[in-house]
2 protein chains.
Amino acid sequence: MKIDPDSSSDLSAQIAKAIRDAIMSGKLMVDERLPSEAELAEQFNVSRPTVREALKRLGAQSLIRTQRGATGGAFVNRLTFEDAYGQQITTSTLLLSMNDVSFAVACEARYALERACAPLAAQRRTADHLATMRAEAHRQSQPGLTDEAFCASDVAFHRAFVDAAGNPVISYQLAGAVEAMQPLMNMITFSARSREKIVALHGQITDALETHDGQACDTILAELSSYTNELAQNVINARAQARSTN
Amino acid sequence: MKIDPDSSSDLSAQIAKAIRDAIMSGKLMVDERLPSEAELAEQFNVSRPTVREALKRLGAQSLIRTQRGATGGAFVNRLTFEDAYGQQITTSTLLLSMNDVSFAVACEARYALERACAPLAAQRRTADHLATMRAEAHRQSQPGLTDEAFCASDVAFHRAFVDAAGNPVISYQLAGAVEAMQPLMNMITFSARSREKIVALHGQITDALETHDGQACDTILAELSSYTNELAQNVINARAQARSTN
DNA sequence: CAATTTTCATTTGTCAGACAATTAAATGTA
DNA sequence: TACATTTAATTGTCTGACAAATGAAAATTG
């Protein structure tokens, strides 16, 4: 592992890159211990704080973990699906909020990807998935629920649906798409009437999974997608009108 | 912004979390300048190296960027799709390689999600997308191409296909699924015969997009999916046999 | 001898202070 | 005014130190 002293400085970034490359290429294996900070400092010919900055960068990406004490040190971390979910959700959420991604575009992405799960979910759903989905749908029908709580439950429902496809890679990829929608959904004020319709569709989706009917599931998801878009469009129109009358 | 001195130490992690929360909640806006390292150190009542470790963590997630000089400092970074692609690909690739995700599972995820793009891509593909796809398919038919180069071109083809859906959120989500497959695909030795078949299917996919035929596209993708799985299965079987004869 | 306690060496976490490098603004100069 | 110089602010890096955690070795005790 070497660093290029010519390169556009920022030694800690270069060191982080060198170690990251070693991990990604398999030169450093999972649970393998890195040299101590003092040793790394000597190897790279930099000071300990600089090495530490590099290690913190890698820690932020869950590539390593550190442990204090005699047998401690930095270890190559086995990236868990849970870790990856978290990063994916953070990144997706910020990506949408910082780039003025329209509700329509985000919604289209989410439902296009969710519909891809329909056939697999219909085939593989377990009783657990169905129970979770029914529980969330029931929660959503409770009166007095805040819009935010309604959205949170909506996310939980859809995540259960995605998980029903029984493919962890799909669950991981879609975690971002589903969760990142929540801030956008929170713009919407859900009337009792619209909640009723959404809960009904959620019920139908669960029924379709229960009877292993992927085709029906797909159709209902499409309906839910266009209804969600309609609600958002109403909000956008109302705001545009409010602006023009001001 | 405050940190909990009681919490399970690691001050720099706590500080990073405090700032990250401020960014995600919108308390810190894009391009807003954070206080200088010295000021942050005073605010959080820690030393400057500790603050710096926290900032490096945030930098690793592309949440901030830093600039030297008189008017420099740390600024809230607008997370670009490009930045997000990079992180997504890194995370997805490691996730698959570190968790013994089978080829079948990864492949299923990839094609399920890609098939979700088919109707949109068929509708919105531009001449550019078609040209890129044909160019990659042509490259794949060149004799003397290494397996690795063949896989890289395969990835480029599929990314162009995904981009043809014209939804940046979908492109972002699928970047991980498509790119992370490459190391797995690299296990496979592609015979001239199998390359020929794959190139033919790639041509058919491009044709289907050109005629705006999403249904045909979906069908061909399904065929490509099962063929890819078949190739992988052959490799796995061959290796199992090799092991048993040793 | 076995079990427990103590000591110790190693390693990460944190701090203080210093200097170098960079950069834009302020200042001086023709 | 236009250009060169100085200056102040800020991040990047280094040195050296001590605190805290932790497992292993050594000492103690029954």
Side-chain angles (χ1 to χ4, degrees), chain A residues 1-20 22-23 28 31-78, chain B residues 1-20 23 28 31-77:
Chain A
M1 273 193 299
K2 275 177 189 167
I3 55 175
D4 180 7
D6 265 359
S7 175
S8 55
S9 49
D10 217 337
L11 293 173
S12 72
Q14 291 176 50
I15 292 168
K17 181 177 185 320
I19 299 176
R20 179 162 42 239
I23 293 174
L28 286 168
D31 291 333
E32 188 172 337
R33 183 180 176 282
L34 273 65
S36 73
E37 294 176 355
E39 286 170 314
L40 285 172
E42 200 175 1
Q43 278 183 35
F44 287 112
N45 205 22
V46 297
S47 68
R48 217 187 118 208
T50 301
V51 166
R52 281 181 62 78
E53 287 178 8
L55 294 179
K56 293 311 159 196
R57 292 177 122 107
L58 298 173
Q61 298 177 297
S62 303
L63 296 189
I64 62 167
R65 60 178 188 280
T66 57
Q67 206 179 354
R68 291 221 274 202
T71 58
F75 298 83
V76 178
N77 193 39
R78 160 164 274 120
Chain B
M1 270 192 302
K2 275 176 189 166
I3 55 175
D4 180 6
D6 264 2
S7 175
S8 54
S9 41
D10 217 337
L11 294 173
S12 72
Q14 291 175 52
I15 292 168
K17 180 177 185 321
I19 299 176
R20 179 162 41 241
I23 293 174
L28 286 168
D31 291 334
E32 189 173 336
R33 183 180 176 284
L34 272 66
S36 73
E37 293 174 355
E39 285 170 316
L40 285 172
E42 199 175 0
Q43 278 183 34
F44 286 112
N45 206 21
V46 298
S47 67
R48 218 188 117 207
T50 303
V51 167
R52 281 181 62 78
E53 287 178 8
L55 294 181
K56 295 309 162 199
R57 291 178 123 107
L58 299 174
Q61 296 177 297
S62 304
L63 295 188
I64 61 168
R65 61 177 186 280
T66 55
Q67 206 178 354
R68 291 221 276 202
T71 58
F75 298 83
V76 178
N77 193 39

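Numbers restart at 1 for each chain; the letters A, B, ... are given by sequence-line order, proteins then strands.
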**OP:** Please tell me if the side chains of B:D10 and B:S12 come closer than 4.5 Å, counting only heavy atoms from C-beta onward.
**Re:** yes

Original post:
Are A:D31 and A:V76 close enough that some pair of their side-chain heavy atoms sits under 4.5 Å apart?
Top reply: no

Original post:
A:L34 has an atom CG; how far is it from atom C1' of C:dT11, in whole Å?
Top reply: 13 Å

**OP:** Kindly indicate whether the side chain of B:L40, heavy atoms from C-beta on, has any atom under 4.5 Å from the side chain of B:I15.
**Re:** no

Original post:
For A:P49 and A:T71, take the nucleotide of DNA chain D holding the closest heavy atom to each; which residue's nucleotide lies nearer the 5' end?
Top reply: A:P49

**OP:** Specify the separation, in whole Å, of atom CG of B:L11 and atom P of D:dA19.
**Re:** 16 Å

Original post:
Within the modelled atom types, does a donor on one side and an acceptor on the other bring the side chain of B:R48 and the base of C:dG17 under 3.5 Å apart?
Top reply: no

**OP:** Evaluate the side-chain proximity of B:I19 to B:L63: yes if any heavy-atom separation is below 4.5 Å, no if none is.
**Re:** no

**OP:** Would you kindly say whether A:E53 and A:T50 are connected by a side-chain donor-acceptor distance under 3.5 Å?
**Re:** no

**OP:** Nearest whole angstrom, please: distance from the P of C:dA16 to the CG of B:N45.
**Re:** 9 Å

Subject >> Contact under 4.0 Å: A:S36 side-chain N or O vs C:dT10 OP1/OP2 >> reply: no

**OP:** Output yes when at least one side-chain N/O atom of A:S12 is less than 4.0 Å from OP1 or OP2 of D:dG12, else no.
**Re:** no

**OP:** Could you tell me whether a side-chain N or O of B:E39 sits under 3.5 Å from a main-chain N or O of B:S36, the two making a donor and an acceptor?
**Re:** yes

Original post:
Of the residues in residues 51-70 of chain B, which ones touch DNA chain C at a heavy-atom distance under 4.0 Å?
Top reply: B:R68, B:G69, B:A70

**OP:** Calculate the interatomic distance between A:E42 atom CD and D:dT13 atom P; express it in whole Å.
**Re:** 19 Å

**OP:** Check whether any side-chain N or O of B:S47 sits under 4.0 Å from OP1 or OP2 of C:dC15, and answer yes or no.
**Re:** yes

Subject >> 4.5 Å side-chain heavy-atom contact, A:N77 and A:Q61 >> reply: no

Subject >> Nearest-Å distance for atom pair CD1/P, residues B:I15 and C:dT14 >> reply: 8 Å

Subject >> Rounded distance in Å - CD (B:E37) to C1' (D:dG12) >> reply: 8 Å

